[in-house]
Visitor: 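Dumping the structure here so I can ask a few things about it.
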Amino acid sequence: MNGLLSRSYKNHVETSLDIMRFADSDQLTGMANLYYSRKWGRSLWTLRFGYTGRDVTLDPEEGTNPDAFLGGRGLLGGLGWSHDFGANWSVAVNGAFANQYFPDVSADLAVTRHFANELDAELGAVYRLLEEDDNFLGATAGVSKMWEHVFLGGKVMGGLMSEKVFVNASARFRFYPYYGGKSFLEFQAGGGTAPELSFLNYYYDPDVYDHLNTFISTGGHWMPAPNLEVSASLTWSTLYNLASDKVNYRNLFIGNVSFSFAF
């Protein structure tokens, strides 16, 4: 009943906070997002505001390294639109601009075909303008299926990043303890020569993505009331390490918590 009632609200506000840390470093990096969504008929419009702050990079022998990262804050603004064209087709378009740390320009397009028996197929295109005018351009394809208490989905992505071919794949599993509800437990895993897209907000070096990088993630989503939702997750990524002369990897951990309110 909570899930059904939540769909009647036209306004939706969500706040999200991510905390990132490499296993071999004491430095924490944070990123926050604020979303406001409004339903108009079959359309959903979303405003997004992002914020992140980065510490100055220090050289322990020389003090402040003039060639190192100077630190500062990054701001992002974005707009999204999605629309249901009847029962069988839906389209989602998102775009964003940022001054630093986030991709300078982000654009996403996804077209979804809804079949019988809760089966969906999706095709999409993504674009990111990254540091030093590097471009990330790719295409995605995914399929998902919903049963009474279980959701399974998979997605593949391929394209060009900094004139290098990349590919990755991921799978998602959800368990819903209540039929038709929004509370669930989730597990994800994936790998490839490029990470999943949100990872580009935290760490970018095109040479890293010539090698196999993997991740796993687990979390949950809870609806304690029809207009309130809470979620939390932990992602563990293993990335190729350019700083080593040997084949070596670094572990990166990302924790996320979000709250949303509908009215």
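Computed from heavy atoms alone, side chains included, the values below leave out hydrogens, waters and symmetry copies.
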Visitor: Taking only residues two or more places apart in sequence or in another chain, which ones pass ring pair (Phe, Tyr, Trp, His ring centres under 6.0 Å) with His12?
Guide: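 None.
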Visitor: Quick one: side chain to side chain contact (heavy atoms under 4.5 Å, CB included) partners of Val105, sequence neighbours excluded?
Guide: Phe97, Tyr127, Leu129
Visitor: Could you list the residues that satisfy salt bridge (charged side-chain N to carboxylate O under 4.0 Å, His left out) with Arg48, not counting sequence neighbours?
Guide: none
Visitor: According to salt bridge (charged side-chain N to carboxylate O under 4.0 Å, His left out), who are the partners of Glu14, at least two apart in sequence or on a separate chain?
Guide: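 None.
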Visitor: Only counting residues at least two apart or in another chain, list the ones meeting ring pair (Phe, Tyr, Trp, His ring centres under 6.0 Å) with Phe184.
Guide: Tyr176, His221
Visitor: Would you list the pairs meeting salt bridge (Lys or Arg N to Asp or Glu O under 4.0 Å) in which at least one residue belongs to residues 92-109, sequence neighbours left out?
Guide: Asp108-Arg128
Visitor: Holding to side-chain hydrogen bond (donor to acceptor under 3.5 Å, both in side chains), I want the full list of residues that pass it with Ser231, two or more places apart in sequence or in another chain.
Guide: Ser258
Visitor: Of all residues at least two apart in sequence or in a different chain, which pass the salt bridge (charged side-chain N to carboxylate O under 4.0 Å, His left out) check with Arg42?
Guide: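 Not a single residue meets the salt bridge (charged side-chain N to carboxylate O under 4.0 Å, His left out) criterion with Arg42.
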Visitor: Report the residues that fulfil salt bridge (charged side-chain N to carboxylate O under 4.0 Å, His left out) with Glu118, sequence neighbours left out, ordered by chain and then residue number.
Guide: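 Testing Glu118 for salt bridge (charged side-chain N to carboxylate O under 4.0 Å, His left out), a comparison that skips the adjacent residues, returns none.
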Visitor: Other than Trp147, what residues sit in its cluster of Ile, Leu, Val, Met, Phe, Trp and Tyr side chains whose heavy atoms are under 4.5 Å apart, directly or through others?
Guide: Val150, Leu152, Phe173, Phe175
Visitor: Among residues at least two apart in sequence or on other chains, which ones pass side chain to side chain contact (heavy atoms under 4.5 Å, CB included) with Leu123?
Guide: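 So Leu123 forms a side chain to side chain contact (heavy atoms under 4.5 Å, CB included) with Ala141.
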Visitor: Among all residues two or more places apart in sequence or in another chain, which pass the ring pair (Phe, Tyr, Trp, His ring centres under 6.0 Å) test with Phe85?
Guide: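 Partners of Phe85 by the ring pair (Phe, Tyr, Trp, His ring centres under 6.0 Å) criterion, ordered by chain and then number, come out as His83.
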